[in-house]
Amino acid sequence: PTCLSRHVAVVFRVAVVFVANLALFASLGLFTALGTASLFAGEIEQLTHDGSNKRDPRFIAGGDQIIYCYDETPSLIRMMKMNAEELKPTLMFADSGNKHQLEPSFSPDQRYMVFTECTGNLSARLVIRDLRDKKDAAITHQGRGGTRSPCFSPTSDLVVYAFAETGPQQLWSVKPDGSDKKQLTECQGISNWPTFTPDGKRLVFGNSRANNYEIYSMNLDGTDERRLTENSLMDIRPQVSPDGKRIAFTSTRGGTYDVYVMNIDGTNVKQITDSEERNDYPAWHPDGTHLLYVGERGGRFDLFLAEVP
């Protein structure tokens, strides 16, 4: 299998469980018993209309620009950028060749960007690009796994990402120049999707130790871990809000992939999207009152912006 198929396989295996039991859950009325409030989003705006399969949207440059990745072909993922007002996408890199480039993140000071890069069947690697000095740091590990879900600290001096080196996928940190690589977690299950709180002291992430993905938080050194969600289905891709008070995430607790928001301690869960098709990859606007996400409509995938009061 390719590196891309390997690193999504676990999510899809867990998804099979909830699909198989979907009719039973609905007949028993269990969706309303999961402690989720009714639909909470305000105005929703569609930003793209090409319908290509998309992932990993992010606001950058203070919300003035949007980056995202899409399937240029069934076997090639490209990274795109566009002005948030004009909404005319162009290639992020003109010289990508046959390399998949996905899961981008920019440092808050805008000096660095980090992304996962993969060519053909080779394992994915982490690339940290110094945009000022125009040089790359490629992070290597033992083993054949691929790096996943990098993010920058609020002070732009640390990258946290996921990698499976000798056992289950764990969280790691490294400096932007590629030095001082450290393993942050040593736990059961697969850890993924790290996101910092604004003070840089804690990480929120997903882990599969409970036989499905749930969301946890911990100090940067791995201490004081707290479980934030608990249900029989998947809670994935958490994103801490700019003010540190809320977490956006994707969940299948309602029967399909939808976007939800909860308080930073896991309370007050509110559903943002509601459709029979997929809504996924939530990302906060810097104003903290809007969420960018990928929505499926009639089998087509586009970017949407939802108001989140």
Side-chain angles (χ1 to χ4, degrees), residues 31-52 54-68 70 80-89 105-106 108 151 193 195-198 204 206 215 228-229 231 233-309:
F31 294 149
T32 60
L34 293 173
T36 301
S38 58
L39 198 66
F40 187 64
E43 182 180 352
I44 296 178
E45 178 184 1
Q46 185 172 344
L47 303 184
T48 64
H49 299 271
D50 61 281
S52 62
K54 299 176 179 66
R55 55 175 296 154
D56 310 322
R58 294 286 186 273
F59 281 104
I60 61 172
D64 292 337
Q65 295 183 8
I66 295 170
I67 55 174
Y68 65 95
Y70 87 108
M80 306 296 287
K81 64 178 179 179
M82 64 182 180
N83 182 282
E85 293 292 333
E86 297 174 357
L87 301 177
K88 297 179 180 179
S105 177
F106 275 68
C151 69
W193 311 294
T195 174
F196 276 90
T197 55
V204 176
I215 297 174
L228 304 181
T229 62
N231 65 77
L233 304 179
M234 289 196 301
D235 295 325
I236 59 176
R237 284 188 264 278
Q239 290 288 317
V240 176
S241 63
D243 63 6
K245 295 181 179 180
R246 297 190 286 180
I247 300 169
F249 62 101
T250 298
S251 180
T252 59
R253 63 182 63 197
T256 58
Y257 287 82
D258 272 306
V259 175
Y260 293 74
V261 168
M262 63 183 174
N263 291 346
I264 194 67
D265 62 358
T267 62
N268 196 28
V269 178
K270 296 182 182 295
Q271 185 173 350
I272 302 302
T273 64
D274 184 19
S275 75
E276 295 180 356
E277 296 178 283
R278 185 169 187 153
N279 297 288
D280 203 348
Y281 299 100
W284 290 98
H285 187 279
D287 67 9
T289 64
H290 293 82
L291 279 172
L292 180 67
Y293 65 94
V294 177
E296 181 185 8
R297 303 293 182 269
R300 295 166 57 86
F301 295 86
D302 280 296
L303 300 185
F304 291 81
L305 185 67
E307 183 181 10
V308 185

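Numbers here are sequence positions counted from 1.
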K.L.:
Apply side chain to side chain contact (heavy atoms under 4.5 Å, CB included) to H285 and list each qualifying residue two or more places apart in sequence or on a separate chain.
P.N.:
F59, D287, H290
K.L.:
Do I264 and K245 have side chains that approach each other closer than 4.5 Å (heavy atoms only, starting at C-beta)?
P.N.:
no
K.L.:
Quick check: closest heavy atoms across S241 and P198, and the distance to 0.1 Å?
P.N.:
O-CG, 3.9 Å
K.L.:
Specify the closest pair of heavy atoms between F249 and P238, including all atoms of both residues, with the distance to one decimal.
P.N.:
CB-CA, 4.0 Å
K.L.:
Taking C-beta and beyond as the side chain, do K54 and L303 meet within less than 4.5 Å on heavy atoms?
P.N.:
yes
K.L.:
Would you mind reporting whether M262 and D235 have side-chain heavy atoms less than 4.5 Å apart?
P.N.:
no
K.L.:
Using 0.5 Å steps for rounding, measure from the CG atom of D56 to the CE atom of M80.
P.N.:
14.0 Å
K.L.:
Would you confirm whether R300, through its side chain, and D50, through its main-chain N or O, come within 3.5 Å as a donor-acceptor pair?
P.N.:
yes
K.L.:
Identify the two heavy atoms, one from L305 and one from L292, that lie closest to each other, and give their separation to 0.1 Å.
P.N.:
CD1-N, 4.0 Å
K.L.:
Indicate yes or no: does R237 engage D280 in a salt bridge with an N to O separation below 4.0 Å.
P.N.:
yes
K.L.:
Taking the cut-offs as 6.0 angstrom to the six-membered ring centre and 45 degrees off its axis, would you call R55 and Y281 a cation-pi pair?
P.N.:
no
K.L.:
Heavy atoms, side chains only, cut-off 4.5 Å: are V294 and P57 in contact?
P.N.:
yes
K.L.:
Look up atom CZ in R246 and atom CG in N263, then write down how far apart they are to the nearest 0.5 Å.
P.N.:
8.0 Å
K.L.:
Answer yes or no: is there a donor N or O on one side and an acceptor on the other, between the side chain of K270 and the main chain of V261, under 3.5 Å?
P.N.:
no
K.L.:
Nearest 0.5 angstrom please: E307 CD to L291 CG, how far?
P.N.:
11.0 Å
K.L.:
Closest heavy-atom contact between R253 and N231?
P.N.:
NH2-ND2, 3.0 Å
K.L.:
Looking at every non-hydrogen atom in both residues, tell me the closest pair between P242 and G288 and how far apart they are.
P.N.:
CD-CA, 3.9 Å
K.L.:
Using a 3.5 Å distance criterion without hydrogens, assess whether the side chain of E277 forms a donor-acceptor pair with backbone atoms of G295.
P.N.:
no
K.L.:
Does Q239 offer a backbone N or O that forms a donor-acceptor pair with the side chain of W284 under 3.5 Å?
P.N.:
yes
K.L.:
Specify the closest pair of heavy atoms between E296 and N279, including all atoms of both residues, with the distance to one decimal.
P.N.:
N-OD1, 4.3 Å
K.L.:
Tell me, with the steps shown, if Y257 and I236 meet side-chain contact (heavy atoms from CB on, under 4.5 Å).
P.N.:
CA-CA 10 Å; Y257 287 82; I236 59 176; 4.2 Å; yes
K.L.:
Using 0.5 Å steps for rounding, measure from the CD1 atom of I272 to the CD1 atom of I44.
P.N.:
8.5 Å
K.L.:
Could you check V259, I247, D258 and say which one makes a side-chain contact (heavy atoms from CB on, under 4.5 Å) with P282?
P.N.:
V259
K.L.:
Within this structure, what is the OG-CD1 distance for the pair S105 and I60, rounded to the nearest 0.5 Å?
P.N.:
10.0 Å
K.L.:
Nearest 0.5 Å, what's the CG-CG distance between D64 and N83?
P.N.:
7.0 Å
K.L.:
Please confirm whether the backbone N or O of V240 pairs with a side-chain atom of T195, one donor and one acceptor, at under 3.5 Å?
P.N.:
yes
K.L.:
Counting only N and O atoms by type, is there a donor-acceptor contact under 3.5 Å from the side chain of Q46 to the main-chain atoms of T48?
P.N.:
yes
